[in-house]
Number of protein chains: 2
Amino acid sequence: MERTPHCLIVEDDREIGGLLSRFLAKHGFRVSMVPDGKAMRRVLSESGIDIVVLDVMLPGEGGLELCRRLRLESNIPVILLTALGEETDRIIGLEMGADDYVAKPFNQRELLARMRAVMRRASSLPYDARAVPLRVMTFAGWRVDLAKRQLQAPDDTLVVLTSGEFDLLVALCQHPQRVLSREQLLDLTVGRAADAGDRSVDIRISRLRRKIEPDPKNPKIITTVRSGGYFFAAEVALT
Amino acid sequence: MERTPHCLIVEDDREIGGLLSRFLAKHGFRVSMVPDGKAMRRVLSESGIDIVVLDVMLPGEGGLELCRRLRLESNIPVILLTALGEETDRIIGLEMGADDYVAKPFNQRELLARMRAVMRRASSLPYDARAVPLRVMTFAGWRVDLAKRQLQAPDDTLVVLTSGEFDLLVALCQHPQRVLSREQLLDLTVGRAADAGDRSVDIRISRLRRKIEPDPKNPKIITTVRSGGYFFAAEVALT
DNA sequence: GATTATTGTAACAAAGTATTTCGGGGCATG
DNA sequence: CATGCCCCGAAATACTTTGTTACAATAATC
């Protein structure tokens, strides 16, 4: 089962945005769209975004500035939409750290091809260089090593997690002390939207608890928020 | 003290090459230029090259094949010059490990911007992209000698790998701490695309584990990422 | 306390992965 | 050109991980 890439469009023109959304959705992307930088940052912190398509002409902060600031804290692939012929924008965009640009009005298929190329490139970077800036997180004596994909118990033994369990733990650790809905967890881990009646998150939580909770019947680290989702209660330190 | 980046242009068209040389020299590069792959390898082994600009259309071995082989033994940033519209070249190029591409006829400033972007990215990697091709890699006490194609165990005994196993190990070592799909591994090792239902990578992984994992049933060095591929967990040092 | 909504988990089914066996084919040797 | 050797991958089989279904347990509501 391949992970559906989740793309975030930052575009204030609803018409262009809508067109683009439909096109990308038709070609196998999950699509989210926001009109400005503030919303962009919110979505980025809450969802598993694989690539950002960013209009350079935005109200408030311009796209170039957004791109620069985004680069300061992550390496999520960014494609800029620039006005036609604005060569300066394109050059500056690349200098700001964008991965590619497409001139408006753009050929949708070209955009798609560039998005795929950029994502392929990004996914070929070693772990350290990618969107997740942290290599090790610790909570309640446990140690999550992202670089090795290993979990170390407080007594320093290695606890074997399946890769699904590991991904879930990482998603939780990266959003501690917040309620995460099942929907969000699904997005952050397998990059998929939930069908009705999907209990897969529940059961993964259950299996993870069995491995990390001292008393799985009375979970203290991963608590349940009824009709809300799950809550990672431990404090997480990043190293 | 910043050192002047040294760029190697591989281009058989003297006119394009000359133009490019002058332009890059004007913008602060040391520039070397060669017409083919053989000369490229010589220069690489003798000079400290920081980035390679590689034409895909070359006499003899094509640029794509050169790029793939270059990736097998070094991490030097590579930018491909592709014919306009040859999307296939671009995609394949990126799969061969190129860091970026520019379509001919190209805008020089754009090439410059991309070169800078790629070099910036490369220098932010955990171990720098290196001008000198790699000869020895070590991980978890093991020692992989690329020149002799030998593997030395932590206790200094030689472990005999078949050449397929060795290639696989090298591919993994060169992309540590990231998930490599079966397709990527096939590509990196035998340079071939996978048919449906190809399990040959699995088998080779299995055989390799038997030789290097302390407990092949509980692999710690090469871990499995379900529906993702394989993951080289050990830290790799280049020497 | 009875009722309803929601979550927990066992047990099964489905999908994906590991490993063995076995035969083809390459390669050196005689 | 036969022979032996070894590497490789297809097929078969065994095993693991994952999601679904079903029902039990728990919490919220009346």
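Below, chains carry the letters A, B, ... as their sequence lines are ordered, and counting in each starts from 1. Values below: all heavy atoms of this structure, side chains included; hydrogens, waters and symmetry mates excluded.
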> Does one side chain, of A:R209 or A:T224, offer a donor that lies under 3.5 Å from an acceptor on the other?
Replying inline: yes
>> Quick check for you: to the nearest 0.5 Å, what is the distance between A:D55 atom CG and A:I79 atom CD1?
In response: 13.5 Å
> Separation of A:I222 atom CD1 from C:dT9 atom P, in whole Å?
Replying inline: 12 Å
> Does D:dT13 have OP1 or OP2 sitting under 4.0 Å from an N or O in the side chain of B:R199?
Replying inline: no
>> Please report the distance, rounded to the nearest Å, between CD in B:E165 and P in D:dG9.
In response: 11 Å
> For the pair made of CD1 in B:I203 and P in D:dC6, what is the distance, rounded to whole Å?
Replying inline: 20 Å
> Is the base of D:dT16 touched by the side chain of B:R226 through a donor-acceptor pair closer than 3.5 angstrom?
Replying inline: yes
> With respect to the phosphate group of D:dA28, does any side-chain polar atom (N or O) of A:S227 fall under 4.0 Å of OP1 or OP2?
Replying inline: no
> Are side-chain N/O atoms of A:R207 and A:T162 paired as donor and acceptor at under 3.5 Å?
Replying inline: no
>> At less than 3.5 Å, do the side-chain atoms of B:R207 and the base atoms of D:dG9 form a donor-acceptor pair?
In response: yes
> Do the side-chain N or O atoms of B:R204 get closer than 4.0 angstrom to the phosphate oxygens (OP1, OP2) of D:dC8?
Replying inline: no
> Separation of B:R210 atom CZ from C:dT19 atom P, in whole Å?
Replying inline: 7 Å
> Tell me: CG of A:D198 to C1' of D:dT18, nearest whole Å?
Replying inline: 12 Å
> Is there a side-chain polar atom (N or O) of A:S206 under 4.0 Å from OP1 or OP2 of C:dT7?
Replying inline: no
> Once you round it to whole Å, what is the distance between C1' of C:dT20 and CZ of B:R209?
Replying inline: 16 Å
> Atom CG of A:N218 to atom P of C:dG8: distance rounded to whole Å?
Replying inline: 12 Å
> Can you check whether B:Y230 has a side-chain N or O nearer than 4.0 Å to OP1 or OP2 of C:dA18?
Replying inline: yes
> Do B:R182 and B:Y230 have a side chain donor and acceptor closer than 3.5 Å?
Replying inline: yes
>> Angle between ring planes, B:F139 versus B:W142, binned at 30° and 60°: parallel, tilted or perpendicular?
In response: parallel
> Are OP1 or OP2 of D:dC6 and a side-chain N or O of B:S163 less than 4.0 angstrom apart?
Replying inline: no
